[in-house]
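Below you'll find the structure, written out as structure tokens, and then a few comments.
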Amino acid sequence: MTDDAVLEKPVIVLGSPRSGTTVLGQLLQVHSSLHGVVEPRLTWQYGNDKKSDMLRPEDARPEVIAYIRGRFAKEVRDGQRSRLLEKMPSNALRIGFVERVLPGCKVIHIMRNGVDASLSIRSYWNQAAHGISGVAPGRFRERLKELQLSRLPNYAFEAARRFAPAPLRGVVGQNVWGPRIPGIRGMLTELDLLEVCALQWRTCVESARQYGAQLPADRYHEVKLEELTADRLREVLDFAELTPEPEVMANFEKTFAADRSTARRSAATPEDLQLLRRWITPTMDWLGYPRSHLE
């Protein structure tokens, strides 16, 4: 099959980190039509390594488009499936760029209330920003497969920050975990880590939702993690023009636990909630989450 054939109507799962992109991606990749590609960060950054993750449509230059499409098409063919499923939280910051690379893509934006999401993001910063603990098995191997030698200098300082022993982190700086929103390194020097996490959540959610509002209804779909049910999953499959295969639905019933989406909130301290109210209250209101989540 040609690149254009296997990249027709690709399914793009995005959202803020720790909002259910992994859960939804794992549910969908059971489908017999879809080959899942999980967080190919360096593929998306090709030709724009020195920029933040908030890439513009004009950053999708012809050579960038050709490279990314070539890699994704190969992945789908090697997986012996007919359509691409791609999951990457950072794509919430750059839907216009993604559209230039994958025109006609089906964008699924999964959201989670900002309190639980921000607290979970902070936990992952603490677990996974340094060393290899908390990193999914095989993720470094996949990163190396994406990276050409000519690009290594762009990531040398990042590697140094990740693997530096604790006494040297004050010298090399804090490593960044999750979407690289513009200015995030400066935020780390001036804000509490939970505030940075809240801004990651808010920027991803607002960027995706604002751009999604410009797309036709058959190109952008929202679902809240707290409201994910078998019927909601069928709506997602219908939006993606996929049949609700029994294997997909059985996997949902077997693996999905809705109560996990609100588990972090009960452990929040009054100080945590005070910080979060400052940064995310308007966005929580916009998304329709009750104020009680922030109390």
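Residues: numbered from 1 along the sequence shown.
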Got a list of side-chain donor-acceptor pairs under 3.5 Å for residues 201-208, not counting sequence neighbours?
from	atom 1	to	atom 2	distance (Å)
Trp201	NE1	Arg112	O	3.1
Arg202	NH1	Trp279	O	2.8
Thr203	OG1	Leu199	O	2.7
Glu206	OE2	Thr283	OG1	2.5
Ser207	OG	Thr203	O	2.8

Does [X] reach the main-chain N or O of [Y] with its side chain, forming a donor-acceptor pair under 3.5 Å?
| X | Y | value |
| --- | --- | --- |
| Ser118 | Gly114 | yes |
| His109 | Val223 | no |
| Arg100 | Pro57 | yes |
| Arg180 | Gly178 | yes |
| Arg81 | His31 | yes |
| Lys106 | Tyr220 | no |
| Lys87 | Ile12 | no |
| Arg277 | Leu294 | yes |
| Gln29 | Leu85 | no |
| Asn48 | Lys51 | no |

Residue pair Val64 / Asp59: nearest heavy atoms and the distance that separates them: CG2-O, 3.9 Å
Heavy-atom closest pair, residues Leu55 and Ser52: CD2-O, 3.5 Å
Residue list, salt bridge (charged side-chain N to carboxylate O under 4.0 Å, His left out) with [X], at least two apart or on another chain:
| X | result |
| --- | --- |
| Glu63 | Arg61 |
| Glu227 | Arg232 |
| Arg77 | Asp3 |
| Asp192 | none |

Ring centres under 6.0 angstrom apart (Tyr67, Trp44): no
For Arg291, side-chain contact (heavy atoms from CB on, under 4.5 Å) partners two or more places apart: Thr281, Asp285, Glu295
Set of side-chain contact (heavy atoms from CB on, under 4.5 Å) partners for Arg122, sequence neighbours left out: Leu119, Asn126, Leu193, Leu194, Cys197, Asp272
Sequence neighbours excluded - salt bridge (charged side-chain N to carboxylate O under 4.0 Å, His left out) pairs with any residue from residues 22-37: none
Got a sec, which residues hit side-chain hydrogen bond (donor to acceptor under 3.5 Å, both in side chains) with [X], two or more places apart in sequence or on another chain?
| X | value |
| --- | --- |
| Asp53 | Ser90 |
| Lys224 | none |
| Glu99 | Tyr211, Arg219 |

Crowding at CD, Glu235 (>12 non-hydrogen neighbours, <6.0 Å): yes
Gln214 atom CD: more than 12 heavy-atom contacts under 6.0 Å: yes
Distance under 6.0 Å and angle within 45° of ring axis: Arg56 vs Phe97: no
Any donor-acceptor N or O pair under 3.5 Å, side chains Thr22, Gln26: no
Side-chain donor-acceptor contact under 3.5 Å, Ser16 with Gln200: no
Per-pair distances, 0.1 Å, donor-acceptor, side chain in residues 247-258, under 3.5 Å, sequence neighbours excluded:
from	atom 1	to	atom 2	distance (Å)
Thr255	OG1	Asn251	O	2.7

